[in-house]
Amino acid sequence: MATQETVDHKYVYDFAEGNRDLKDLLGGKGANLAEMTNLGLPVPPGFIISTEACKAYLATGEEPAGLAGQIEAHLESLERGMGRRLGDPDDPLLVSVRSGAKFSMPGMMETVLNVGLNDRSVVGLAARAGGNERFAWDSYRRLIQMFGKTVCEVPGEEFEHALDEAKRARGTTDDLDLDADDLHGLVDAYKKIFLKHTGRDFPQSPREQLDLAIRAVFESWNAERAVLYRRQERIPADLGTAVNVVAMVFGNLGPDSGTGVAFTRDPASGAQGIYGDYLANAQGEDVVAGIRNTVPLQELESIDKRSYDELLVIMARLEGHYRDLCDIEFTIERGKLWMLQTRVGKRTAAAAFVIAGQLVDEGLIDLDEALHRVNGAQLAQLMFPRFQLDHGFEPVAKGVGASPGAASGKVVFTSARAVELAGEGEAVILVRRETNPDDLNGMIAARGILTSRGGKTSHAAVVARGMGKTCVSGADEIDVNVPARRLTVAGQSVSEGDVISIDGTTGKVYLGEVPVMPSEVVRYFEGTLDPAEADDALVKAVHRIMTHADAARRLAVRANADTGADAARARRFGAQGIGLCRTEHMFLGDRRELVERLILARTDTERSDALAALLPLQRDDFVAIFREMDGLPVTVRLIDPPLHEFLPPLEQLAVDVAVAQERGEDVAKEEALLAAVRRMHEENPMLGLRGVRLGLVIPGLFAMQVRAIAEAAVRVTREGGSACPEIMVPLVGAVQELETVRAEAEKIIAEVVGDSGVEVLIGTMIEVPRAALTAGQIAEAAEFFSFGTNDLTQMGWGFSRDDVEGAFFWRYLELGIFGISPFESIDRDGVGRLVRIAAEEGRAARPGLKLGVCGEHGGDPESVHFFHSVGLDYVSCSPFRVPVARLEAGRAAVETAGSDSR
Ligand code: ADP
Ligand code: MG
Ligand code: MG
């Protein structure tokens, strides 16, 4: 038996055996409890059941062999150390059973406090607490409540109703007014509720309580809301949670006890200082649940100076140790401070930049590390618009600016309604008294979240910050009446569907739709705000970090821009060229008429007349772009979409013709168009006559475009500018296609360019899998490749993007076939592999081959890192994403180890 146990896999670890780098195994909470223990901080003793045990349990539905014995052994040693036994009737050891995954998932999983209490040990606990019976019964009723809810799925409202009932009977709204007898009575009421819903009595065996609670924590990994949260936050589904079993300390022993949360800096702005909330005579989640009003942490100084001072010392120590903002949960038991949790704290996007800058100033980190501490998603958030300064609206309420941004929308009061209205395309603001994990769907669907209770550390605030969603919490002037679907504020009544606006930075709430303006960060990027003059820590920090990113990165960043105006904007945002200039818009608007003539041409002369008329128009378009991009490369893609896209839709045309015929009008032209539309109809237009195929089939079409490009370049150069055109042929699958187009283009270019000194490169998109796989051959005829990852994904997976995203991607995400749409972030294993092969084989055939990517992936942070690793020369993305790509390209270049700010 004993030998059996020694070969068992190790599933349970003492705090002293862990450290902060073991988050995969011990979860974030456990790893950091271990770290604090090893730093010598006052952490109540305990042990950690590893994520491996959880994974084994979830895979089989049973605790893995050896786990029970290891728990027993660690529990015994905990009992020895504490000098108490779990649930001992005379002097019970109580423990908490706490979830804790690798990545923090606030409020998503379960924690049960006071495990070990039963009808007998509750008496022992009171005796040990100097006859404090109120405390003992309060602890017991909390156990039944938490255990019932999380372990046995008893509806939480039932307990809340019973608690409200007890308070009403006492004529109070404050749970502190309940005395020992009231709480004893409440325990009896809770037990009845428990029996009614579970068909059994509340378990009296402490060890059974412990085992069931551990099991419930394991299972909470797969609770619906946790699954949803992970999907939203892109946390892998297979990590599992660890379980922390921690000796209880008590914040509910009286006025000299209490519990609190704190940040080492303001998680919303990054400002240094002491931020937190404290609640005297309370346990656990009372602070975040908004049950009673907390006091600002500063007030602890006058309540318990010794603990306060010790806490400040510990906070400074933790910041220095983690070299980052930490958040902390602590409890004071009769004047003795206990640390119950710490982690590198979540923060707003603005705070991430400001804090990174400050830490550099303080010499705690260097600029490479600072770059690592921020990310493109945060930068993107900072580029969101905010409310105009002089909008003239008066706020009707002010809460806590819990998660920044500006949001307007229709008021909704339930998660379900938020989902419903958002599904109809409405912007909604979810208004709740306070949110709980069941509101997650509604929070995802809403533009913004407004609560009337809770502070910066409430559920709404924490989750909204994590999602990057605008949130105002604790706007307590607002009276929220969910059943009536109405709120009242400042004497006014606002019903579901009325529009309100919330400012997640200032915490202000407005009735009606407040106009928005561009963010300061955007003004900085656009050059209308000088960072040296900006009286704004944020703009200065962004400037400093962006400057470092630009110096560090190897990838160039270009923009996708089709007009002179787009090009100018892209350049202001730091684009180093245009990676994709689409020419299809040059066939739209008042040019449709010419395009119709081109398509309907029956003779060579008719066709070349139409092309000749298009030529000067296109040339002017290119001139405008080359002027803006003076000196920078501009990749122009020859016409790509099927030509019938430029004709009216079949149904409409058929009706028009029929109506006109009825009236006896002359319909010769319409009939010809209709015939052409019928003739050109394709079952799969994405796989039909488009891209290079058009150039090979329609004489003169590509030639006209090449000529327009070359002539525009010559004109801009003659004006004294510098044009660097790169002609890009779309949809090539075989080198022969490219060779044919190239031969014709080279002739025209030579003729137009003459001795002007203009140089025109010719290259191709790599967007058909066959092109990627024959890149070595294609490179012989191409001076550059630009990966069209949208089509490459579409054709690589055989997905028609427009059809599949709405139709079944949810199912694929649910099944974990992919963690994120491959159109959003590049599929490294499949589509990415095609990119890698083409890059390698292309460069092998033609050293110096320029490699870039156009298509949405160029602005996606994860994808940028991949393109860096494959060795591309540049990424190209929409102008607004250019700063994000610059930042991520810098981060990819300095990739350093060790940060876990997520
Ligand atoms: P979460 O992951 O939701 O933050 P925790 O496991 O941190 O859940 O537990 C929530 C709260 O319960 C803690 O902040 C703390 O106040 C209280 N708590 C947990 N364990 C103990 C303990 N051993 N003694 C006293 N309070 C505890
Ligand atoms: Mg919790
Ligand atoms: Mg916690």
Side-chain angles (χ1 to χ4, degrees), residues 15 23 26-33 36-37 42-49 78 81-82 84 86 92-117 125 129 135 138-139 142-143 145-147 149-150 210 213-214 216-217 220-221 223 225-226 229 241-253 257-263 276-289 291 294 311 326-334 336-346 436-437 457-459 461-463 466:
F15 286 169
K23 293 194 183 71
L26 304 180
K29 193 181 289 166
N32 287 321
L33 281 168
M36 286 199 291
T37 302
V43 177
F47 55 87
I48 309 158
I49 301 165
L78 180 64
M82 300 293 293
R84 298 195 170 100
L86 185 71
L93 168 68
L94 305 185
V95 294
S96 60
V97 179
R98 315 168 64 188
S99 58
K102 173 174 184 187
F103 299 111
S104 128
M105 300 169 48
M108 289 304 130
M109 290 181 304
E110 310 297 7
T111 285
V112 184
L113 304 181
N114 306 332
V115 168
L117 276 177
L125 183 68
F135 153 73
D138 182 49
S139 302
R142 285 170 191 268
L143 169 64
Q145 186 165 355
M146 272 184 264
F147 190 94
K149 207 177 144 195
T150 66
L210 178 64
I214 292 170
V217 171
S220 70
W221 176 255
R225 63 185 194 218
Y229 183 86
T241 179
V243 185
N244 303 279
V245 177
V246 188
M248 282 301 300
V249 293
F250 298 99
N252 54 338
L253 268 170
S257 303
T259 181
V261 294
F263 293 92
D277 303 300
Y278 182 72
L279 192 57
N281 202 359
Q283 189 175 47
E285 313 246 274
D286 293 359
V287 185
V288 279
I291 287 169
T294 57
L311 183 65
C326 294
D327 75 27
I328 286 162
E329 296 175 4
F330 66 92
T331 279
I332 296 174
E333 177 178 324
R334 293 201 165 138
K336 161 87 182 124
L337 175 68
W338 293 100
M339 301 301 295
L340 290 173
Q341 188 173 335
T342 192
R343 70 190 152 198
V344 166
K346 298 206 178 202
N436 64 51
T457 50
S458 65
H459 177 266
V462 172
V463 174

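Computed from a prediction, not measured in an experiment: that's the story for all the values here. As the structure lists them, so they are numbered: ligands from 1, and atoms in each ligand from 1.
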Only heavy atoms of Val246, strictly under 4.0 Å: list the atoms of ligand 1 that pass.
23 (N)

Excluding sequence neighbours, so at least two apart, what forms side-chain hydrogen bond (donor to acceptor under 3.5 Å, both in side chains) with Ser139?
Asn252

List every atom of ligand 1 that sits less than 4.0 Å from any heavy atom of Ser96, numbering the atoms from 1 in the order shown and giving each element.
19 (C), 20 (N), 21 (C), 22 (C), 23 (N)

Check each atom of ligand 1 against the heavy atoms of Thr111 and keep those under 4.0 Å away; list them by number with element.
5 (P), 6 (O), 8 (O), 9 (O)

Does an N or O anywhere in Val249 fall below 3.5 Å from an N or O of ligand 1?
yes

Side chain, backbone, both or neither: the part of Gln283 lying under 4.0 Å from ligand 1 by heavy atom:
neither

Consider ligand 1: state whether an atom of it lies below 4.0 angstrom from any non-hydrogen atom of Ala247.
yes

For Val261, which part has a heavy atom under 4.0 Å from ligand 1: side chain, backbone, both, or neither?
neither

Is there a side chain to side chain contact (heavy atoms under 4.5 Å, CB included) between Asn114 and Met248 once you walk through the steps?
CA-CA 7 Å; Asn114 306 332; Met248 282 301 300; 3.3 Å; yes

d(Arg225 CZ, Met105 CE) to nearest 0.5 Å is 9.5 Å

Is there any N or O on Thr331 that sits under 3.5 Å from an N or O of ligand 1?
no

In ligand 1, the atoms that come under 4.0 Å of a heavy atom of Gly284 are 11 (C), 12 (O), 15 (C), 16 (O), 17 (C)

So that I can check it, does any N, O or S atom in Gln341 come closer than 2.8 Å to the Mg ion (ligand 3)?
yes

Does Thr294 use its side chain to pair, donor to acceptor, with the backbone of Tyr278 at less than 3.5 Å?
no

Closest approach of Leu210 and Val95, non-hydrogen atoms and distance?
CD1-CG2, 4.1 Å

Contact region, Met248 to ligand 1, non-hydrogen atoms below 4.0 Å, reads both

So Asp327 and Lys346, side chain to side chain contact (heavy atoms under 4.5 Å, CB included) or not? Walk me through it.
CA-CA 8 Å; Asp327 75 27; Lys346 298 206 178 202; 5.6 Å; no

Between Ser99 (side chain only) and Glu110 (backbone N and O only), is there a donor and an acceptor less than 3.5 Å apart?
yes

Polar contact flag for Lys29 and ligand 1 (N/O pairs, less than 3.5 Å)
yes

Atom OG1 in Thr331, atom CG in Leu279: separation rounded to 0.5 Å?
10.5 Å

Short list, please: which atoms of ligand 1 are under 4.0 Å from a heavy atom of Thr259?
16 (O)

Please identify each residue that fulfils side-chain hydrogen bond (donor to acceptor under 3.5 Å, both in side chains) with Arg98, with sequence neighbours left out.
Gln341

With a cut-off of 4.0 Å, which atoms of ligand 1 are near a heavy atom of Gln341?
4 (O), 7 (O)

